[in-house]
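In each ligand, atom 1 is the first atom listed, and ligand 1 is the first ligand listed.
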Amino acid sequence: MAASAPGKLILFGEHAVVFGEPALCTAINLRAEVFVRPYKEWRADGGALDEPRYRDVKGAVEKAKARAPMWVEVRAMVPSGAGLGSSAAVTVATLGALHGIAGGLDPPTIAREAFEVEHEVQGRASPIDTSTAAAGGALLVLREPREDLLWTIERDTRRWCLHRARLPDLEFVIGNTGISAATGPLVAKVKDRVERDPRAADMVREIGRITLEGLAALQRRDLVQAGRLMDRDHALLTELGVGHEMLDRLVAAARPSSYGAKLTGAGGGGSIVALTDRPDETVGAIRAAGGKAFVVRPDSAGVTKQP
Ligand code: PMV
């Protein structure tokens with residue numbers, strides 16, 4: 001049995017979403033595939049499940065309460081530590097394969113379980129990347145339910161309502177700094193700032209407004225306005241303390257050939273996303289500035305059983 005799940009690209013709202021502000025995310029055409037087969041003991045790519053790099057797989061195995069041990073194999077096209085949701089994709093695909101072997105595969109159940117795994121592995125988090133990996137396509141996260149609600153996820157006193165969002169067919173250029181930064185400490189850093197500084201709390205709310213304006217701009221294909229909002233979002237995230245000199249360098253390289261560019265995901269390293277209709281030029285500029293660059297497209301398929 002095998003299942004796959006997509007990586008994700010946060011277009012607007014990272015970090016702010018942890019505080020319940022809106023965020024917009026799309027699944028991308030870089031997927032993780034996980035194969036499982038009954039075996040006499042638990043194995044991950046032939047080794048022990050206890051190795052730190054298999055903590056998402058192990059978390060998913062514990063959550064799925066598999067009855068018999070399995071040999072698990074992981075293949076991920078999503079680069080890890082790049083802010084593109086590789087751990088969420090691996091968690092969701094593992095849950096997909098384990099549920100698939102036992103029968104059905106229910107995306108809302110997998111989204112909830114994967115969020116719990118991510119919370120245990122990473123610490124404070126939002127369900128944005130795990131739900132996007134489960135649902136595929138574009139998702140708008142809001143505090144209150146509206147039309148096009150997919151599911152709701154709650155934790156402590158927080159609630160996220162995950163909605164289907166419709167975006168025009170767009171290509172995005174990713175610029176990866178090659179610097180991997182753990183999400184947990186970055187999320188904790190922003191929390192600390194927001195608790196101590198009311199200006200940081202205002203910035204989080206501004207990111208929330210930018211997300212809704214950005215979605216509206218993308219939907220009416222006003223790429224100039226969407227790009228401006230991306231630039232502003234990048235500045236706010238940097239002020240919140242999750243920027244990096246290399247992210248600024250890649251954003252600066254991408255902007256002359258783009259409508260806008262911003263860090264995507266947790267920051268502190270990881271990647272930028274540029275909105276451009278000259279992808280080759282943007283890819284070349286990011287590479288010349290020392291980043292890895294590639295083009296991604298939205299992927300409408302969420303967690304999927306493989307034949
Ligand atoms: O870099 P990633 O893929 O871990 O994205 C994290 C997005 C945050 O908003 C920073 C955290 C979260 O869980 O929502």
Passing option when Arg146 is tested against Leu149, Asp148, Leu142 for side-chain contact (heavy atoms from CB on, under 4.5 Å): Leu142
Asp231, Leu237, Leu229 screened by side-chain contact (heavy atoms from CB on, under 4.5 Å) with Asp233, the one that passes: Leu237
Does [X] reach ligand 1 with a nitrogen or oxygen that is under 3.5 Å from one of the ligand's nitrogen or oxygen atoms?
X      : result
Ile128 : no
Ser126 : yes
Glu14  : no

Short side-chain donor-acceptor distance under 3.5 Å, [Y] and [X]:
X      : Y      : result
Glu21  : His15  : no
Ser257 : Arg278 : no
Ser126 : Trp160 : no

Same apolar cluster (I L V M F W Y, side chains within < 4.5 Å links), Leu170/Leu11: yes
Connected via hydrophobic side-chain network under 4.5 Å: Leu84 and Val57: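 Leu84 does not cluster with Val57.
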Interatomic distance, Thr26 atom OG1 to Ile10 atom CD1 [nearest 0.5 angstrom]: 11.5 Å
Enumerated ligand 1 atoms positioned under 4.0 Å from heavy atoms of [X]:
X      : result
His15  : 8 (C), 9 (O), 10 (C)
Ala266 : 1 (O), 2 (P), 5 (O), 6 (C), 10 (C)
Gly265 : 1 (O), 5 (O)
Val17  : 9 (O), 14 (O)
Gly83  : 1 (O), 3 (O)
Thr183 : 1 (O), 2 (P), 4 (O), 6 (C)

Does ligand 1 have a heavy atom under 4.0 Å from the side chain of [X], from its backbone, from both, or from neither?
X      : answer
Val18  : side chain
Lys8   : side chain
Leu186 : neither

Any Ile10 heavy atom less than 4.0 Å to ligand 1: yes
Heavy-atom gap Gly85 to ligand 1 smaller than 4.0 Å: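 Per 4.0 Å heavy-atom rule, Gly85 contacts ligand 1.
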Pair Glu171 + Arg297, salt bridge at N-O below 4.0 Å: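 So Glu171 pairs with Arg297 through a salt bridge.
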